[in-house]
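For reference, the structure is listed below as structure tokens.
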Amino acid sequence: MLNSTVRFAVFSVAVSLSTTATAIFAATLPVAPVKEVTDTLHGVAVKDPYRYFENVKAPEVQTWLKGQGEVAREMLDKIALRDQMEKRITELATATGDAIHSVMRMPGERIYYQKRPKDERQFKVVMRVGLKGAERVLVDPEVDAKRTGVPHAINYYVPSWDGKYLAYGMSAGGSEDASLYILDVKTGKVIGQPIPRVRETLVSWLPDSKSLAFNQLKTPTPGEAESETFLDTKVMWLKVGDPEASAKAVFGPTVTTQLGLARLDVASINFTPGSPWMIARTTDTTLPEGFLFVARAADIGKANVAWKKISRFKDKITEVELKGNDLYFLTHLNAPRKRVMKLDLRKPVLNLAVDVAAAPGNAVIESFSLTRDMVIASVREGTEIVLRRYRKGNTQGEAIPMPFKGAVGVHREPAHASNEVLYTSSGWTQLPRTFLLKGDESTDSGLRLNPPLPNLPEVEVVDVKVTSHDGAMVPMTLLYKKGLKRDGTNPTLLNGYASYGFSETAGFSAARMVWIEQGGVVALANVRGSGVYGDEWYRGGFKATKSNTWKDGIACAKYLIAEGYASPKTLGVMGTSAGGIFVGRAITSAPELFAAAIFNVGVLDAVRAEESANGITNISEFGSVKIASEFPALLDMSTYHQIRDNTAYPAVLLVHGMNDPRVDVWHSAKVAARMQAASTSAKPVLLRLDMQAGHGVGSTATQRYALSADIYSFLLWQMGKATLKN
């Protein structure tokens, strides 16, 4: 039972950043030599003083990274509150019960999900028959972690339709470089050898459960560019029990050459029991739009499959479900808040598709699911997501009562065999709960223990709209302890992401609660580039309009200061992954507004990003330096290139995993070196590195709790709310 008296004192003694502690920091920090490279791009000279960091394996770079990481670890460990915060985050997270995600219902009442017991480090794949059935662990990655000493994680799992097999992907050290395993569920033994380079959840069983199709990356050629990694992938077809060598290539740019696929068209082939069709879908792995093709499922593996093209990128289809002779799809073509349509595959001509579900009012259809007789849409209303039912012939749908205000995620039932719906809902102050929906009634499914909330502060949730530089009204959600005084002294963290149309969404966070316990304010901004208002809002922070993302963020920062939530001495800003653009350009445009900034695995060098393995897949989101019309915006959104000498920047903590496959660690390294050389504020610029982590996917609970403690204690230190140990 939690000790309800455990809290942390909020220290009022500020740390002077010109004191001995900072002097020690400066004296021990490795200095990176400047080796400037200048590229002339479309007539513009672009300087790159740390280009050599892109060769991360070079001994000189490795030595510098190791030294930076050691100093960062030493300084973070000196923060007096840091260990207490990690203890409290761990305590609160484990008190909320076992963590569960990726729930899937299959025929025969089989329910699969990933579960991390509250006192364990990593998620396992488990299953049960019926909601009240006994739980059985199918895959435990900790077995491999203990054997190798390296963290392992399940990247995905796909059960066969008959329940005899489980296909799953597992990777090590946060790399996401998953291999495909096929488990015999009855014996608990893996069949054959793992199949390498099957990174994505692009795996589908044929209806008879005797074979499966999966996307596999090509074997890398020694010396080839990293940007080749995701090019020319193939969909392979393999019968269970056959060796990998007998897998047959059935789809892809170098396989189905008559279809005119580009090298970056990464494909999957999808099947559903009861349907005579198979659907091939391609994306660039970043944006969901792409090609759709249909053919007879019985023809897989034949020499000349009669693939029929259904759609291409311009048709703006982002999600598909196959059921019988019908293909249901979500599109934002002529529907910026999205709509669901249905196409009879016996006449696969897109303009014959009919409307099934429309977005209500100013809401946005986030995703959809199929039951036996209906369409269930997940509908976004700001940071909340609710459910709406669409019966045949009723494109306007009916609202489904929700158990509490929050965000709902419907769990997959790919066979579409039931009219019952399993979903999980979570709120800003409500723990996630999994419900079974029958008609309009939601009852607790029993999948989660749902312990009572520990003793937490009473939290106020306030939604505001902020006027941006051009008059656009930017939605922002504020969370803070009830009774907060708006006197400008509160530690406040402004957070934003704003890419790919992803939005800030309601959900419970133990780490966030610990920040609020410390008197902190959480400010979550759905700036342009998010999808909170649909496609038009997303396109308002996309490529040439990307500057709206950080300009909206700066407007939100000014609002927080003007309204007395914070001051420039107590305001921090944070962005993760593509959110690195949000935070990086906010502090390089208006450094005077912020006390500290957190760059979490951030995209920070947009000019050079496309030279990396995953960077090339993001050209569709951010643009290409090789295109004259797109280059100016890329240079503008590149934090690294916008750092100016002799500028008083806020304190900075850059966080990265050395095995990150999505954003290379050199993004953070370059910015760390450049900002350490340029800043005149005497505030620390720390590069926190985890040698056994990547982009955060697959990180253990221990790693996650430690990272949160480092971030929040660093912010409190720089805001004058925590001291350093002697």
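Along the sequence shown, residues carry numbers from 1.
A donor-acceptor pair under 3.5 Å links the side-chain atoms of Glu413 to the main chain of Ser418, judged by distance alone. Looking at Thr282, its side chain does come within 3.5 Å of a backbone N or O of Phe291 through a donor-acceptor pair. In terms of modelled atom types and a separation under 3.5 Å, the side chain of Thr221 and the main chain of Glu224 share no donor-acceptor contact. The main-chain N or O of Gly301 is found under 3.5 Å from a side-chain atom of Lys248 such that the two form a donor-acceptor pair. Distance alone, capped at 3.5 Å, places no donor-acceptor pair between the Arg339 side chain and the Thr331 backbone. Glu630 contributes a side-chain N or O that, together with a main-chain N or O of Ser624, makes up a donor-acceptor pair within less than 3.5 Å. When atom types are taken as modelled, the side chain of Asn659 and the backbone of Gly694 share no donor-acceptor pair closer than 3.5 angstrom. Ser275 places no side-chain N or O within 3.5 Å of a backbone atom of Thr272 that could act as its donor or acceptor partner.
Electrostatic pairing of Asp184 and Lys186 does not count as a salt bridge here, judged by no charged N lying under 4.0 Å from a carboxylate O. The existence of a salt bridge linking Glu289 and Arg312 is excluded, since no basic side-chain nitrogen approaches an acidic carboxylate oxygen closer than 4.0 Å. Note on Asp177 versus Arg199: salt bridge recorded, some NZ/NE/NH1/NH2 to OD/OE distance being below 4.0 Å. Taking 4.0 Å as the cut-off between side-chain N and carboxylate O, Lys392 and Asp373 do not count as a salt-bridged pair. For Lys543 and Glu621, the salt-bridge test fails: no basic side-chain N is under 4.0 Å from an acidic carboxylate O. In summary, Asp299 and Lys302 engage in a salt bridge, as defined by a charged side-chain N under 4.0 Å from a carboxylate O.
Between Glu398 and Arg391 the shortest side-chain heavy-atom distance falls below 4.5 Å. Between Lys218 and Lys234 the shortest side-chain heavy-atom distance does not fall below 4.5 Å. Proximity of Val185 to Lys164: side-chain heavy atoms (C-beta onward) are nowhere separated by under 4.5 Å. Asp315 has its side chain out of reach of Leu292: every pair of non-hydrogen atoms, C-beta onward, lies at least 4.5 Å apart. For the pair Thr256/Leu261, a side-chain contact is recorded, criterion being any heavy-atom separation below 4.5 Å from C-beta on. Contact check for Arg281 versus Ile269: no side-chain heavy atoms found under the 4.5 Å cut-off. Inter-residue side-chain proximity for Asp664 and Val56 is flagged as unmet; no heavy-atom pair is nearer than 4.5 Å. Between Leu387 and Tyr423, the closest side-chain pair of non-hydrogen atoms falls below 4.5 Å.
Aromatic ring centroids of Phe542 and Phe622 lie 6.0 Å or more apart. Aromatic pair Trp277/Phe271: centroids not less than 6.0 angstrom apart. Note: Phe123 and His101 meet the aromatic proximity criterion, with ring centroids under 6.0 Å apart.
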- Stepwise ring pair (Phe, Tyr, Trp, His ring centres under 6.0 Å) test for Phe293 and Phe251: CA-CA 11 Å; Phe293 300 88; Phe251 198 91; 5.8 Å; yes
- Message: Evaluate Tyr390 against Asp355 for side-chain hydrogen bond (donor to acceptor under 3.5 Å, both in side chains), listing each step before the verdict.
- Response: CA-CA 11 Å; Tyr390 294 83; Asp355 285 326; over 6 Å; no
- Message: Run Thr219 and Arg197 through side-chain hydrogen bond (donor to acceptor under 3.5 Å, both in side chains) and show every step you take.
- Response: CA-CA 8 Å; Thr219 304; Arg197 304 184 310 283; 3.1 Å; yes
- Task: Start with the C-alpha distance between Asp265 and Leu259, add both sets of side-chain angles, then the distance that settles side-chain contact (heavy atoms from CB on, under 4.5 Å), and finish with yes or no.
- Result: CA-CA 11 Å; Asp265 282 324; Leu259 299 180; over 6 Å; no
- Item | Check against side-chain hydrogen bond (donor to acceptor under 3.5 Å, both in side chains), Arg263 and Thr254 | CA-CA 8 Å; Arg263 297 186 69 201; Thr254 63; over 6 Å; no
- Item | Asp284 vs Ser620, side-chain hydrogen bond (donor to acceptor under 3.5 Å, both in side chains): CA-CA, chis, key distance, verdict | CA-CA 8 Å; Asp284 64 2; Ser620 54; 2.4 Å; yes
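Applying the side-chain contact (heavy atoms from CB on, under 4.5 Å) test between Thr318 and each of Leu330, Leu287, Thr283 identifies Leu330 as the sole match. Just one residue in the list Tyr165, Trp161, Phe214 forms a ring-ring contact (aromatic ring centres under 6.0 Å, His included) with Trp205, and that residue is Tyr165. The only member of Leu370, Val421, Val408, Asn419 that meets side-chain contact (heavy atoms from CB on, under 4.5 Å) when paired with Ile376 is Val421. The residue from Lys124, Met127, Lys115 that alone fulfils the side-chain contact (heavy atoms from CB on, under 4.5 Å) condition with Val137 is Lys124.
Partners of Arg608 by salt bridge (Lys or Arg N to Asp or Glu O under 4.0 Å), not counting sequence neighbours, listed by chain and number: Glu54. Remark: Tyr112 pairs with no residue by the ring-ring contact (aromatic ring centres under 6.0 Å, His included) rule, at least two apart or across chains.
Open room surrounds CD on Gln193; 12 or fewer heavy atoms of other groups in view lie less than 6.0 Å from it.
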